[in-house]
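Reviewing the structure listed below.
Since the model is a prediction, treat every value here as computed from it, not as a measurement.
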Amino acid sequence: MKTPDKKLNRLASEKSPYLLQHSANPVDWFPWSEEAFAKAKSENKLIFLSIGYATCHWCHVMEKESFENETTAEVLNRDYVSIKVDREERPDVDRIYMDALHAMGQQGGWPLNMFLTPEGKPITGGTYFPPVPKYGRKSFTEVLGILNGLWKEKKEELLEASEDLTKHLKESEETRAFADTSEISSPGPEIFENGFLLYDRFYDPDYAGFKSNSVNKFPPSMGLGFLLRYHKSTGEPKALEMAEETLTAMKKGGIYDQIGGGLCRYSTDHHWLVPHFEKMLYDNSLFLEALVECYQAVGEKKYKDYAYDVIEYLHRDMRLPGGGIASAEDADSEGEEGLFYLWTKEEVREVCGQDAFLLDEFWNITEKGNFEEKNILHETFRMNFSRLHGLEPSELEEIVSKNRKKLLERRSHRIRPLRDDKILFSWNCLYIKALTKAAMAFGDGDLLREAEETYKFLEKNLIREDGRLLRRFREGEARFLAYSSDYAEFVLASLYLFQAGKGFRYLENAIRYTEEAIRLFRSPSGAFFDSGIDGETLLRRTVDGYDGVEPSANSSFATAFVILSKLGVDSEKYLQYADSIFSYFKSELETYPMNYPYMLSALWLRKSPGRELAVVYSSQEELLPIWKGVGSLFLPETVLIWANDKEAEENGEKFLLLKNRNSGGGVKAYVCVGSYCELPVSDWTSLRAKLIED
């Protein structure tokens with residue numbers, strides 16, 4: 001990332017791969033710091049703030065065209081104080097200025113380039129600026145000249161406009177969040193049908209997924225989780241169909257790496273064919289969890305196979321020494337987007353030999369290609385390829401598997417895209433959750449051990465001595481105070497591991513960090529701020545419920561509060577906390593529930609009659625059949641406690657589910673619904689009958 005023969009700027013001392021990518025730019029970059037703002041104030045200069053991330057394609061384009069350009073750098077260095085921010089390290093900074101751009105009526109995206117007053121108040125901005133006028137946009141240097149001229153000639157007008165915008169940003173969030181209200185009004189039960197109907201309205205019957213964007217298609221994994229829950233409680237077949245078809249379409253599409261595994265960021269068309277080739281940990285974690293839940297719901301082996309393929313990719317290419325998981329892989333290699341993943345017909349034939357004649361058709365490989373005169377491999381959606389070619393499914397699977405390995409080995413000799421190897425707290429927790437759920441669904445103890453290894457990595461490296469969580473770890477450095485999303489996902493990861501039977505220490509962690517999060521992030525209104533009371537003072541503290549590329553902190557906290565309550569931990573208190581969140585976002589949930597799928601699932605759990613299952617045992621050997629059986633079922637409405645006789649006795653006063661419970665020298669499973677508990681059973685067949693009852 002550093003170029004030894006070039007003069008390095010201040011970013012060379014940073015750990016962020018994104019900032020290090022810009023460390024040899026002739027631009028006199030500052031990281032986000034007091035030093036930068038002090039310089040802008042002392043020299044009476046505008047601030048040019050540029051926000052992006054290491055695997056962002058258009059960030060690379062703008063760097064090459066503008067930030068590596070000596071003439072452009074000269075203008076920036078003369079007239080501006082320039083600041084670079086990694087949005088994944090500082091989502092609080094990114095959110096403020098992205099909201100500012102939206103408030104100006106502009107579409108967001110990255111790179112996010114904003115012009116600020118020396119005090120950091122937004123004036124104007126945009127995303128990608130071309131080096132010469134094109135796409136109906138002025139060139140970057142033109143924009144720099146215009147803004148600098150306005151700062152010199154109409155400074156007071158710019159200051160006034162920035163004050164108005166800053167006031168709007170602050171009041172639109174903080175006025176509502178600081179309103180201390182005791183009145184709670186949660187959405188009614190019709191919200192679930194409304195959510196389903198909206199998904200149905202945007203569903204693409206030809207290629208699956210949802211046409212909620214006019215051009216692109218994004219992985220809707222959290223929405224599929226809601227649809228699976230809706231199907232479970234209503235029996236609505238269309239909900240299950242949309243979930244199954246969409247998961248299959250993504251796995252077969254060009255958005256999925258057919259050779260190495262792993263889901264790309266999004267598809268640039270509605271056919272899932274041409275992806276934006278970067279791979280993100282959060283996308284793959286959420287996709288994995290959706291695959292696992294679909295397997296539990298329908299029992300079809302292909303979803304298990306798909307899930308293991310995602311796991312294999314992440315463990316091979318993203319898992320770091322000690323158990324931490326890297327953040328992302330770039331879209332570009334050798335300066336070209338997607339180059340690493342593309343194939344010519346000739347190369348496939350060279351590697352696969354006679355099998356290539358079949359594989360050409362299986363992966364839609366042609367001489368002409370479908371992207372830059374090469375091929376993005378993909379299967380034809382809904383085609384039963386084995387039947388069409390007179391093959392048993394196992395025969396086709398063997399041919400494809402054998403040749404995937406050959407092609408993967410050939411691809412390993414290409415220049416790989418950059419791997420952003422910083423470890424982000426919440427993203428790793430998303431993976432812990434998905435891996436834990438996979439371990440239970442597949443009865444795979446190795447996956448559970450790997451989930452624990454990642455959890456312990458976070459405990460060792462990203463928790464300060466005073467217990468404060470930190471956001472990012474890279475090259476031995478833990479930095480940046482963790483955000484509410486980091487705390488929320490850590491609490492849920494702890495609850496997942498506890499409900500997988502890994503012990504009460506995980507429940508104790510969940511309670512401890514829940515209480516700490518309440519202290520740091522909870523607003524008077526009951527919603528959670530993104531940043532803590534001990535965080536840097538910015539233009540405002542943001543509250544977010546939108547489940548975009550990952551669950552919002554508020555959605556995850558609502559889920560955690562409901563689970564804790566159903567487990568019997570301060571039930572009334574945590575239910576009230578959950579209801580405060582649902583009440584805060586009631587209007588948003590009712591207006592456009594597709595933007596809040598994880599919160600919809602949390603509300604579904606809250607409204608569900610639910611079920612509590614306590615399993616008390618004397619030995620692990622006797623427990624195993626029940627543990628595997630419970631894990632194989634789709635039980636999103638059920639909370640689980642696993643305890644040996646000693647743990648049940650020690651925790652009986654804390655958890656009513658365990659009070660006066662014992663194994664009787666074997667295994668006893670206690671099923672409770674509401675305030676009613678059934679007689680215990682000791683075998684999986686009897687327990688299964690109780691769990692699958694409507």
Side-chain angles (χ1 to χ4, degrees), residues 432-433 436 440 448 452 455-456 459 463 467 487-519 522 556-580 602 605-606 608-620 623 626-627 630 635-682 687 691:
I432 293 168
K433 288 163 52 181
T436 300
M440 288 200 70
L448 201 53
E452 280 199 286
Y455 187 98
K456 290 172 182 176
E459 286 186 300
I463 301 181
Y487 276 80
E489 296 306 335
F490 190 48
V491 168
L492 280 180
S494 303
L495 289 172
Y496 273 44
L497 284 165
F498 170 70
Q499 291 188 95
K502 295 309 297 181
F504 279 80
R505 93 168 188 91
Y506 289 106
L507 181 58
E508 290 164 3
N509 267 3
I511 296 168
R512 174 188 174 186
Y513 287 101
T514 294
E515 291 300 317
E516 183 67 1
I518 290 167
R519 183 183 71 83
R522 193 168 186 262
S556 293
F557 274 128
T559 306
F561 291 147
V562 175
I563 292 173
L564 285 167
S565 174
K566 287 178 179 285
L567 286 170
V569 181
D570 281 335
S571 293
E572 291 304 317
K573 180 180 83 170
Y574 286 131
L575 271 187
Q576 184 178 4
Y577 284 165
D579 287 342
S580 294
L605 180 61
R606 168 68 175 97
S608 168
R611 188 190 288 118
E612 293 84 40
L613 171 63
V615 181
V616 184
Y617 58 94
S618 59
S619 72
Q620 292 279 353
L623 174 69
I626 286 180
W627 182 83
V630 169
L635 302 170
E637 77 292 347
T638 303
V639 294
L640 311 172
I641 292 184
W642 310 85
N644 59 38
D645 284 315
K646 181 181 178 182
E647 290 171 329
E649 184 179 356
E650 291 173 346
N651 292 279
E653 292 303 318
K654 296 180 187 175
F655 306 104
L656 290 178
L657 282 173
L658 294 177
K659 192 168 185 177
N660 300 323
R661 311 292 199 199
N662 64 76
S663 70
V667 180
K668 283 188 179 177
Y670 301 83
V671 178
C672 301
V673 180
S675 58
Y676 170 73
C677 292
E678 301 178 16
L679 291 173
V681 295
S682 299
L687 178 58
L691 294 176

Quiz item: Applying side chain to side chain donor-acceptor pair (under 3.5 Å), which residue pairs with at least one partner in residues 662-671 are found, sequence neighbours left out?
Solution: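 Pairs touching residues 662-671 that pass the test: Asp645-Ser663.
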Quiz item: With a 3.5 Å cut-off and no angle check, do the side chains of Tyr455 and Asn509 form a donor-acceptor pair?
Solution: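 There is such a pair between these side chains.
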Can you measure from [atom1] ([X]) to [atom2] ([Y]) and round to the nearest 0.5 angstrom?
X: Leu623; Y: Asn644; atom1: CG; atom2: CG; answer: 10.0 Å
X: Tyr676; Y: Glu612; atom1: OH; atom2: CD; answer: 13.5 Å
X: Leu691; Y: Leu687; atom1: CG; atom2: CG; answer: 4.0 Å
X: Thr559; Y: Leu495; atom1: OG1; atom2: CG; answer: 10.0 Å
X: Glu649; Y: Asn660; atom1: CD; atom2: CG; answer: 10.0 Å
X: Leu657; Y: Ile641; atom1: CG; atom2: CD1; answer: 4.5 Å

Closest non-hydrogen atom pair between [X] and [Y], with its separation:
X: Glu489; Y: Ser556; answer: OE2-OG, 2.5 Å
X: Arg661; Y: Cys672; answer: NH2-SG, 3.9 Å
X: Leu448; Y: Ala500; answer: CD1-CB, 4.0 Å
X: Leu613; Y: Ala669; answer: CD1-CB, 4.1 Å
X: Ser571; Y: Ser565; answer: OG-O, 2.8 Å
X: Gln499; Y: Trp642; answer: O-NE1, 2.6 Å

[X] side chain near [Y] side chain, heavy-atom distance below 4.5 Å:
X: Leu564; Y: Asp570; answer: no
X: Val667; Y: Val615; answer: yes
X: Ile432; Y: Tyr496; answer: no
X: Leu575; Y: Arg606; answer: yes
X: Glu459; Y: Phe490; answer: yes

Exercise. Let me know which of Ile518, Ile563, Asp579, Val562 forms a side chain to side chain contact (heavy atoms under 4.5 Å, CB included) with Tyr574.
Key: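 For Tyr574, the side chain to side chain contact (heavy atoms under 4.5 Å, CB included) test succeeds with only one of Ile518, Ile563, Asp579, Val562, which is Ile518.
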Quiz item: Can you name the one residue among Thr436, Leu492, Leu507 that meets side chain to side chain contact (heavy atoms under 4.5 Å, CB included) with Leu497?
Solution: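 So the option named by the test is Thr436.
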Practice problem: Start with the C-alpha distance between Tyr487 and Thr514, add both sets of side-chain angles, then the distance that settles side chain to side chain contact (heavy atoms under 4.5 Å, CB included), and finish with yes or no. | Solution: CA-CA 7 Å; Tyr487 276 80; Thr514 294; over 6 Å; no
Quiz prompt | Criterion side chain to side chain contact (heavy atoms under 4.5 Å, CB included) on Met440 and Leu635, from CA distance to verdict | solution = CA-CA 12 Å; Met440 288 200 70; Leu635 302 170; over 6 Å; no
Quiz item: Salt-bridged, Glu508 to Arg505, with N to O below 4.0 Å?
Solution: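 Answer for the salt bridge query: no.
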Practice problem: Check side-chain hydrogen bond (donor to acceptor under 3.5 Å, both in side chains) between Glu637 and all other residues, then give those that pass, not counting sequence neighbours. | Solution: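 Applying side-chain hydrogen bond (donor to acceptor under 3.5 Å, both in side chains) to Glu637 gives Arg611.
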Quiz prompt | Steps toward side chain to side chain contact (heavy atoms under 4.5 Å, CB included) verdict (Phe655, Glu647) | solution = CA-CA 11 Å; Phe655 306 104; Glu647 290 171 329; over 6 Å; no
Quiz item: Around atom NZ of Lys573, are there more than 12 heavy atoms of other residues, nucleotides or ligands at under 6.0 Å?
Solution: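 Yes, the 6.0 Å shell around NZ holds more than 12 heavy atoms from other groups.
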Practice problem: Determine, step by step, whether Tyr577 and Arg522 satisfy the side chain to side chain contact (heavy atoms under 4.5 Å, CB included) criterion, reporting the C-alpha distance in whole Å, the side-chain angles of both residues, the deciding distance to 0.1 Å, and the verdict. | Solution: CA-CA 9 Å; Tyr577 284 165; Arg522 193 168 186 262; 3.2 Å; yes
